[in-house]
Amino acid sequence: MGECFGKYYIMNGKLLPAETFYNSLIYEGESVYEVLKSIDGLPVFFSDHMERFHGSVKGVRRPMLAEIEALKYDILELTGADRRAMVNIKLVFNYKNGQTNTFLYYLEPHYPPDSQYMS
């Protein structure tokens, strides 16, 4: 287990139980990630996030590991399997010893208290 928050995650297009997720899957090797917000099962500003993510992957001179439409499908599959009104989703491309993996999973929400917004 680890930072995966929810009942499921997706690895390489397959929906898997969260109990099989370990942080070492994404923190060993080199990873590129993007965090998206999902409201009622739909990713918010999806195109903007994918453009930024593509730039990050290109910036470290790594290949895109999945097509944008496949990632959108995976997000919809994850949000359909584990419904939440509002959640953050982490997308990770991991490159490790010649192997590559794609992950999508919920992150536990962390928001600052109101006192940190006040000046």
Side-chain angles (χ1 to χ4, degrees):
M1 293 290 283
E3 72 177 24
C4 179
F5 175 78
K7 297 176 186 174
Y8 302 100
Y9 71 102
I10 291 185
M11 178 177 172
N12 301 325
K14 294 181 183 176
L15 187 67
L16 300 168
E19 297 83 34
T20 64
F21 182 90
Y22 293 94
N23 284 351
S24 62
L25 294 169
I26 57 168
Y27 287 110
E28 291 179 3
E30 183 178 10
S31 290
V32 180
Y33 74 92
E34 180 75 13
V35 177
L36 307 90
K37 180 177 275 189
S38 175
I39 299 175
D40 295 328
L42 299 174
V44 179
F45 303 116
F46 180 76
S47 296
D48 294 335
H49 283 289
M50 290 303 98
E51 187 176 313
R52 183 172 47 236
F53 186 63
H54 184 265
S56 296
V57 171
K58 187 177 178 182
V60 295
R61 298 185 178 157
R62 294 293 189 163
M64 286 291 285
L65 300 180
E67 297 292 325
I68 301 302
E69 283 304 311
L71 294 172
K72 189 172 191 177
Y73 175 83
D74 287 347
I75 289 170
L76 295 175
E77 183 176 10
L78 179 63
T79 59
D82 190 358
R83 294 194 177 273
R84 296 179 187 255
M86 190 181 322
V87 70
N88 291 330
I89 299 172
K90 189 170 185 178
L91 162 62
V92 180
F93 285 177
N94 179 265
Y95 311 86
K96 179 178 148 188
N97 300 328
Q99 294 183 325
T100 58
N101 291 295
T102 301
F103 299 92
L104 281 159
Y105 54 92
Y106 292 155
L107 286 176
E108 185 171 8
H110 294 284
Y111 298 104
D114 289 342
S115 62
Q116 289 185 341
Y117 288 109
M118 307 300 274
S119 36

Can [Y] be reached from [X] by stepping across I, L, V, M, F, W or Y side chains whose heavy atoms are under 4.5 Å apart?
X: Val44; Y: Met86; answer: yes
X: Phe45; Y: Ile39; answer: yes
X: Val92; Y: Tyr27; answer: yes

Which pairs of donor and acceptor atoms, one on a side chain in residues 65-79, lie under 3.5 Å apart (sequence neighbours left out)?
residue, atom, partner, partner atom, Å
Thr79, OG1, Gly41, O, 3.1
Thr79, OG1, Ile75, O, 3.1
Thr79, OG1, Leu76, O, 3.2

Using 0.5 Å steps for rounding, measure from the [atom1] atom of [X] to the [atom2] atom of [Y].
X: Leu36; Y: Met50; atom1: CG; atom2: CE; result: 4.5 Å
X: Ser38; Y: Arg83; atom1: OG; atom2: CZ; result: 10.0 Å
X: Leu91; Y: Leu104; atom1: CG; atom2: CG; result: 5.0 Å
X: Met11; Y: Ile26; atom1: CE; atom2: CD1; result: 11.5 Å
X: Tyr105; Y: Glu3; atom1: OH; atom2: CD; result: 3.5 Å
X: Arg84; Y: Asp40; atom1: CZ; atom2: CG; result: 13.5 Å

Taking the side chain as everything from C-beta on, heavy atoms only, tell me whether [X] gets closer than 4.5 Å to [Y].
X: Tyr9; Y: Leu25; value: yes
X: Pro63; Y: Tyr95; value: yes
X: Lys90; Y: Phe103; value: no

By salt bridge (Lys or Arg N to Asp or Glu O under 4.0 Å), which residues pair with Glu51, not counting sequence neighbours? none
Output, in order, the C-alpha distance, side-chain angles, deciding distance and verdict of side chain to side chain contact (heavy atoms under 4.5 Å, CB included) for Phe93 and Val60. CA-CA 12 Å; Phe93 285 177; Val60 295; over 6 Å; no
Distance-only, no hydrogens or angles: does the Asn88 side chain make a donor-acceptor pair with backbone N or O of Leu107 under 3.5 Å? no
Please indicate whether Glu108 has more than 12 foreign heavy atoms, meaning atoms of other residues, nucleotides or ligands, lying under 6.0 Å from its CD.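 Correct, the count exceeds 12.
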Take Ile89 and Tyr106, measure what side chain to side chain contact (heavy atoms under 4.5 Å, CB included) needs, and give me the verdict at the end. CA-CA 5 Å; Ile89 299 172; Tyr106 292 155; 3.7 Å; yes
Check side-chain hydrogen bond (donor to acceptor under 3.5 Å, both in side chains) between Arg52 and all other residues, then give those that pass, not counting sequence neighbours.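 With neighbours one apart ignored, the set is Glu34, His49.
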Ser56 and Tyr33: side-chain donor and acceptor closer than 3.5 Å? no
Give the minimum heavy-atom separation between Ala18 and Gly6, together with the two atoms involved. CB-O, 3.2 Å
Compare every heavy atom of Glu28 with every heavy atom of Asn94, then report the nearest pair and how far apart it is. ND2-O, 2.9 Å
